[in-house]
Structures are given as C-alpha cells and as structure tokens.
Amino acid sequence: MTKQFAVIGNPIEQSRSPELHHAFAAKAGVDLNYKKILAPLDGFESTVKDFFAQNGAGMNVTVPFKEQAFALCDQLTERAKIAKAVNTLWMQDGKLHGDNTDGQGLVTAIQALNWSLENSRILILGAGGATRGVIYPLVQAGTKQIVIANRTLTRAEQLVEDLKDAVAQTELKAIRLDELTGEFDFVINATSASLSGEALQLPENLIFHHAYEMAYGKPSSFLEQAQERQVPSTDGFGMLVGQAIEAFSIWNGVKPELKDFL
Ligand code: ATR
C-alpha cells in the first residue's frame, strides 16, 4: 500500500519537501505519496489529528507550527526536547512521536562540504528558533565553542542559559550583534534577515573561515560579504535536503545520500 506523507505549514506553497521525498523514494524504491497541507493558523492540531486518523504515516512541520507540534507530541527525541520544536511527526504504538531533524540536516550539509566541525569555534548570528534547533547537533559533531550573537542581547543570553546544561562539553557564549569581533572557523547566519530582504553588516575585524547561510533561494547580504572576502560559503539548500534525509530515514528505514540530491 502507498504510504502517505505530508508537509504542513502556513504558507506552504513554497515548500520543496514533496519533490525531495519523491526523489528519495524513487531512488530507494519506496512506494509513497507526499503532499502539501495548508493548515489554518488556528487549525494545526485538528489538521494533524485528521491526517493520522486517515492512516497518514508521517508529517513534516514548517513555519509557523514547529512549537505547536512540539507541544502536541506524546514522545520526543532528545534533540527535539532541547530544540523545543518539532519538524518531523509519526505515529507509533498509538502515540504521536516528534523529532527535530533541522540541526542534523545542517551538520550533514556541512560535513558533505568536507568542512570539519571537530574542535571548531562557531559564531551563530541570531537567537531565535532556527538557532535553538541547531545547537545540540553542532555540539554532538564535536564543536568546541559556540558564540551566539544577537541584535537583542537578552535573547541570546536566555538561549545560553536554557541550553548550557544540555551541552556542558561545549563553551556557549552570548554577545551583542553590533559588538562582533574575534576569529571563528564558521559563521552561520540563522537570523531571518535574508528572508525579509534586510541587510546584515559584518564588521571588518570579524575573521571567519567558512560561512553558512541557513536561508536559500533569496539574495543574502551575508553571503555577498563572505564572497567578497573569498571565504568558502554556501546557502541553506544542503541543510534543507539534510533535514529531509533524516526524516525519510526515520519513516522508511533507508538513508538517502546527500550528494545524490544537491
Ligand atoms: P526563527 O524561528 O527563524 O529563528 P525568530 O525566532 O523570529 O525566527 O528569530 C529571528 C532572529 O533573527 C532573531 O534573532 C532576530 O533578532 P532579534 O532577536 O534581535 O529580533 C534576528 N533578526 C531578524 N532580522 C534581523 C536583522 N535585520 N538584523 C539582525 N538580526 C535580525
């Protein structure tokens, strides 16, 4: 029987998840159908329940429902608990399970570029949900230090306070975005600046050796500055594919290779 999957969000038209999952399925020989579901902003829970009541096998969750998905689950993976957000749902033994594969997607994408995370010092720009979701997988990949720089310092400080016990092996620090300085192996742009078309000015005295923009398919002043400095850089398409690979593997027990789908 064809397994039924979906991605749920609002808006949803822009999602590339159906094409990715259909491509993985074709390569792995899995019989599935994966559609987009536009849920009303006040109708996330009932839409999810209807989908699983009709024998849906699994769902991806995107903006703005990842925190609601987290709250709805009966069982959560460790990384979803730390992220406080869920992007992957499935039903098992009558219980709704939730995981967050975004951070591992980023790690997979970085490793596929042969950029080593082992003992690295990482600067993350932004302190919202996107940042929270990637900290634990970055730590597990062997990162030595993570500095979170945010326009609103208190938000970065709160994030450090929330996460420091869960990632005790890595040094976590918060700084103000406009006081950025120092040298880092990686800078990751997890602000929503590129999504809203706003510029992000990196100071001259900030030194970095790799740049990762989490957004994709949008002009990015962050990537332009990395390119001007001739620093190796990329947009977030690899992360998108990486998180989809993790979800596909949880649901279908087969792990597609990132390099086949970039
Ligand atoms: P997400 O879930 O995508 O992380 P979010 O929780 O709204 O979205 O967080 C957006 C992040 O981008 C925040 O860290 C925000 O900074 P503030 O906390 O100071 O608002 C950051 N951000 C958005 N636009 C920005 C800009 N133009 N310059 C710098 N930071 C920006």
Side-chain angles (χ1 to χ4, degrees), residues 7-10 44 59-73 75-89 97-110 117 120-177 180 184 186-196 200 211-216 222 235-236 238-240 242-244 246-247 250:
V7 57
I8 180 170
N10 187 332
F44 173 73
M59 269 186 146
N60 282 130
V61 181
T62 188
V63 176
F65 298 127
K66 291 183 189 181
E67 286 80 15
Q68 283 185 59
F70 169 79
L72 198 60
C73 288
Q75 296 279 333
L76 292 161
T77 60
E78 191 60 23
R79 60 195 184 186
K81 281 184 200 160
I82 290 169
K84 291 195 175 147
V86 156
N87 77 335
T88 304
L89 294 170
H97 287 244
D99 194 1
N100 188 317
T101 68
D102 288 330
Q104 187 54 44
L106 173 66
V107 167
T108 303
I110 289 176
L117 287 165
S120 61
R121 289 155 305 151
I122 298 185
L123 172 67
I124 305 184
L125 310 179
T131 299
R132 180 184 280 277
V134 300
I135 301 271
Y136 187 63
L138 285 173
V139 165
Q140 286 200 306
T143 297
K144 184 167 73 184
Q145 184 198 48
I146 298 178
V147 175
I148 300 168
N150 202 39
R151 196 168 54 178
T152 316
L153 177 63
T154 48
R155 213 168 162 204
E157 287 174 336
Q158 186 61 53
L159 202 51
V160 168
E161 192 53 36
D162 283 1
L163 297 179
K164 68 176 194 307
D165 291 341
V167 300
Q169 66 272 44
T170 297
E171 186 193 349
L172 270 191
K173 281 204 319 206
I175 58 166
R176 276 168 59 118
L177 192 61
L180 265 184
F184 297 90
F186 295 90
V187 182
I188 298 172
N189 185 15
T191 71
S192 49
S194 305
L195 297 175
S196 51
L200 202 63
Y212 201 100
E213 165 67 86
M214 279 199 195
Y216 68 92
F222 169 79
D235 73 6
M239 177 176 174
L240 176 83
Q243 64 76 30
E246 287 290 311
I250 292 165

Measure the spacing between [atom1] of [X] and [atom2] of [Y] and express it to the nearest 0.5 Å.
X: L163; Y: Q158; atom1: CG; atom2: CD; answer: 9.5 Å
X: L106; Y: L117; atom1: CG; atom2: CG; answer: 7.5 Å
X: T170; Y: Q140; atom1: OG1; atom2: CD; answer: 10.0 Å
X: R121; Y: Q145; atom1: CZ; atom2: CD; answer: 7.0 Å
X: L138; Y: Q104; atom1: CG; atom2: CD; answer: 9.0 Å
X: L195; Y: M214; atom1: CG; atom2: CE; answer: 11.0 Å

Checking side-chain contact (heavy atoms from CB on, under 4.5 Å) for the pair L72/L89: CA distance, chi angles, key distance, verdict?
CA-CA 10 Å; L72 198 60; L89 294 170; 5.6 Å; no
Less than 4.5 Å apart, any side-chain heavy atom of [X] and any of [Y]?
X: K66; Y: D102; result: yes
X: V167; Y: I146; result: no
X: T191; Y: F222; result: no
X: N100; Y: Y136; result: no
X: L172; Y: V139; result: no

If only atom types and distance count, is the side chain of [X] paired as donor or acceptor with the main-chain N or O of [Y] below 3.5 Å?
X: Y212; Y: M239; result: yes
X: T62; Y: G9; result: no
X: N60; Y: N87; result: yes

Criterion side-chain contact (heavy atoms from CB on, under 4.5 Å) on I124 and I135, from CA distance to verdict
CA-CA 9 Å; I124 305 184; I135 301 271; 4.0 Å; yes
Give the intermediate values and the outcome of side-chain contact (heavy atoms from CB on, under 4.5 Å) for residues N189 and L200.
CA-CA 9 Å; N189 185 15; L200 202 63; 3.5 Å; yes
According to salt bridge (charged side-chain N to carboxylate O under 4.0 Å, His left out), who are the partners of K144, at least two apart in sequence or on a separate chain?
none
Can you name the closest pair of heavy atoms from [X] and [Y] and give their distance?
X: V107; Y: A141; answer: CG1-CB, 3.9 Å
X: A83; Y: G133; answer: CB-CA, 3.8 Å
X: H97; Y: C73; answer: C-SG, 3.9 Å
X: A130; Y: A190; answer: CB-O, 3.9 Å
X: G126; Y: T131; answer: O-OG1, 2.8 Å

Any side-chain donor near an acceptor of the partner, E246 and T88, under 3.5 Å
no
For F186 and I110, what are the C-alpha separation, side-chain angles and deciding distance, and is it a side-chain contact (heavy atoms from CB on, under 4.5 Å)?
CA-CA 10 Å; F186 295 90; I110 289 176; 3.9 Å; yes
List for me each residue that meets side-chain contact (heavy atoms from CB on, under 4.5 Å) alongside T77, sequence neighbours excluded, and say none if there are none.
R79, A80, D99
For residues 148-157, please give each side-chain donor-acceptor pair under 3.5 Å, one per line with the distance, not counting sequence neighbours.
{"residue": "N150", "atom": "OD1", "partner": "A127", "partner atom": "N", "Å": "3.3"}
{"residue": "N150", "atom": "ND2", "partner": "T152", "partner atom": "O", "Å": "3.0"}

